[in-house]
Amino acid sequence: MRGLTSASFLARLQAAVAAPMPDSAPLVLCLGEALVDRLGPLGGDPATANPHDCDDRLGGAPANVACALARLGTPVAFIGRLGADAIGNSFQELLNNRGVDLRGLQIDSQRPSRVVLVRRDASGERVFQGFAGDRGDGFADQALNQASLDPIWCALAAEARWLLIGTIPLFTPASADTLRSALSQAIRDGVRIALDVNWRPTFWDPAADPTSGPSPATLALMQPLLEKASLIKLAREEAEWLFSNTDPAAISASLSQRPDVLVTDGGNPVRWCMAGHDGSMPVLAPPRVVDTTGAGDAFTSGLLHQLVKLTPSAGQPLQLSAAVVEQVVRYAAACGALVCAGAGGIDPQPL
């Protein structure tokens with residue numbers, strides 16, 4: 001695995017865990033998966049390609065967002081679970097170097113870190129098509145443990161303004177229970193919920209069509225998250241599957257809490273309903289698209305980086321002018337575009 005081996009990774013894992021935490025309390029908590037995206041050669045299949053032709057990159061939506069927020073200067077904590085392996089070691093080094101608070105990171109001695117196989121077409125667009133590394137007990141991220149998180153939650157959330165979550169942890173009972181518990185505690189503590197739906201059918205069924213939508217049972221699992229979020233980011237197809245509508249204002253109006261909603265659509269304009277303002281703008285594009293993996297996560301990080309500075313006290317709605325909302329979205333779109341110019345979701349993140 002390119003760049004992810006170490007003869008002394010267990011010792012380095014222990015050193016990383018013992019490393020001092022960042023000076024500033026986290027303002028954003030990112031909960032969920034950290035994993036490796038195994039990028040196949042352009043137009044090739046990572047499951048059958050020569051390993052030397054594949055490119056292993058650290059990723060996972062919550063980990064991507066945590067790394068990007070730290071690079072942008074927002075104090076952030078990552079809450080997740082990794083294997084006691086070379087991938088876990090590399091992640092801890094990366095997150096420590098970025099200044100991410102790791103008090104919520106759990107290490108699993110039984111299950112490995114997850115490797116996701118990513119097929120890319122000639123233009124860099126990707127499809128998630130399966131996993132590698134499972135030894136029969138699943139992956140570490142599926143075993144995110146609520147009992148380990150509960151004792152440190154209050155310290156992590158003391159100054160947090162946002163909790164970023166996705167839907168992938170809902171598939172496994174242990175991680176689903178931890179996600180629901182964190183959601184309830186965040187709401188109790190006045191921490192706003194940002195939901196990036198991030199629908200990936202492969203995580204629910206490795207044999208599923210990568211373009212298929214969620215089943216009615218899966219939609220029912222997602223509904224409580226949708227009903228508690230202050231901010232919801234959706235891809236166009238996710239909006240159609242979950243709401244049978246792609247209009248952000250209509251989606252917001254369909255939920256009792258009237259969340260802010262953004263709908264992205266690849267290279268097409270991004271649309272929003274935020275702070276009572278509707279709008280859209282063309283996305284920004286780099287001169288050359290190398291890989292779109294992580295572009296949506298970079299968008300989310302840019303959005304939260306801006307919103308942290310504008311978020312009022314608990315229970316109060318965002319009160320922003322239409323011009324400020326447009327500036328916030330433009331900044332987020334720029335972050336997303338910059339990531340497309342390099343490989344992987346973390347390495348090309350903007351400063």
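Any value given below was found using the heavy atoms of this structure, including those in side chains, with hydrogens, waters and symmetry copies removed. Starting from 1, each residue takes its place in the sequence as its number.
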Evaluate the criterion side-chain contact (heavy atoms from CB on, under 4.5 Å) for residue pair W241 and V197; output intermediate values, then yes/no.
-> CA-CA 11 Å; W241 288 325; V197 171; over 6 Å; no
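- With hydrogens and angles ignored, the 3.5 Å screen pairs no side-chain donor or acceptor of R98 with any backbone N or O of A66.
- Between the side chain of R38 and the backbone N or O of V115, no donor-acceptor pair lies under 3.5 Å.
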Under the side-chain contact (heavy atoms from CB on, under 4.5 Å) rule, what do S113 and F91 come out as? Steps first, then yes or no, please.
-> CA-CA 10 Å; S113 303; F91 255 116; over 6 Å; no
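- Residue L304 is tested with T74, V76, V328, L231 for a side chain to side chain contact (heavy atoms under 4.5 Å, CB included); the sole match is L231.
- Taking all atoms of both residues into account, the shortest heavy-atom contact from A143 to R81 is O-CD, 3.2 Å.
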Should W162 and T311 be marked as a side-chain hydrogen bond (donor to acceptor under 3.5 Å, both in side chains) after you check the CA-CA gap, both sets of side-chain angles, and the distance that decides it?
-> CA-CA 9 Å; W162 290 91; T311 302; 2.9 Å; yes
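- Annotation: the span from L105 atom CG to S148 atom OG amounts to 11.0 Å, rounded to 0.5 Å.
- Proximity of a side-chain donor or acceptor of E238 to a complementary backbone N or O of N198 within less than 3.5 Å is detected.
- Within the 3.5 Å criterion, the main-chain N or O of A86 finds a donor-acceptor partner in the side chain of S90.
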Residues L170, L225; criterion side-chain contact (heavy atoms from CB on, under 4.5 Å); working and verdict | CA-CA 10 Å; L170 288 174; L225 275 59; 4.0 Å; yes
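- Of the possible polar contacts, none joining the Q306 side chain to the A332 backbone as a donor-acceptor pair under 3.5 Å is found.
- The ring-ring contact (aromatic ring centres under 6.0 Å, His included) test with F203 is passed by exactly one of F171, F139, F131: F131.
- W199 places a side-chain N or O within 3.5 Å of a backbone atom of S212 that can act as its donor or acceptor partner.
- Residues R200 and V116 fail the side-chain proximity criterion, which asks for heavy atoms closer than 4.5 Å.
- The CG atom of N64 sits 9.0 Å away from the CD atom of E33 when rounded to the nearest 0.5 Å.
- The heavy-atom pair separating G104 from I152 by the smallest distance is CA-CD1, 3.8 Å.
- Closest heavy-atom contact between S252 and P259: OG-O, 2.7 Å.
- One distance of note links CD1 of I165 with CZ of R180; it measures 11.0 Å at 0.5 Å rounding.
- Between P169 and L144 there is no side-chain heavy-atom pair separated by less than 4.5 Å.
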In sequence, state the C-alpha distance, the side-chain angles, and the governing distance for L69 and C30, and then conclude on side-chain contact (heavy atoms from CB on, under 4.5 Å).
-> CA-CA 10 Å; L69 281 169; C30 297; 4.2 Å; yes
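- Looking at P201 and P214, their side chains never come closer than 4.5 Å, going by heavy atoms from C-beta outward.
- In terms of modelled atom types and a separation under 3.5 Å, the side chain of S181 and the main chain of Q146 share no donor-acceptor contact.
- Counting only distance, with no hydrogens or angles, the side chain of H277 and the backbone of L320 share a donor-acceptor pair below 3.5 Å.
- No side-chain heavy atom of P248 sits under 4.5 Å from any side-chain heavy atom of I232.
- Looking at D137 and R111, no side-chain N of the basic residue comes within less than 4.0 Å of a carboxylate O on the acidic one, giving no salt bridge.
- With values rounded to the nearest 0.5 angstrom, L31 atom CG is found 7.5 Å from F78 atom CZ.
- G32 and P62 get closest at one heavy-atom pair: CA-CG, 3.6 Å.
- In plain terms, the two heavy atoms of V283 and V270 that are nearest each other are CG1-N, 4.1 Å.
- Using a 4.5 Å heavy-atom cutoff, the side chains of Q185 and L149 are not in contact.
- Judged by distance alone, with hydrogens and angles left aside, the side-chain atoms of R271 form no donor-acceptor pair with the main-chain N or O of A249 at under 3.5 Å.
- For the residue pair E159 and L27, the shortest heavy atom distance occurs at O-CD2, 3.4 Å.
- The salt bridge (charged side-chain N to carboxylate O under 4.0 Å, His left out) test with R114 is passed by exactly one of D108, D141, D37: D141.
- Remark: L221 CG to L226 CG distance equals 11.0 Å, nearest 0.5 Å.
- Each of D260, D265, D196 was scored for a salt bridge (charged side-chain N to carboxylate O under 4.0 Å, His left out) with K233, with one residue passing: D196.
- Side-chain atoms of Q257 come within 3.5 Å of backbone atoms of A229 as a donor-acceptor pair (strictly under, hydrogens ignored).
- Here the straight-line distance linking atom OG of S280 with atom CH2 of W272 works out to 6.0 Å at 0.5 Å rounding.
- Residues R103 and P26 are in side-chain contact: their nearest non-hydrogen atoms beyond the backbone lie under 4.5 Å apart.
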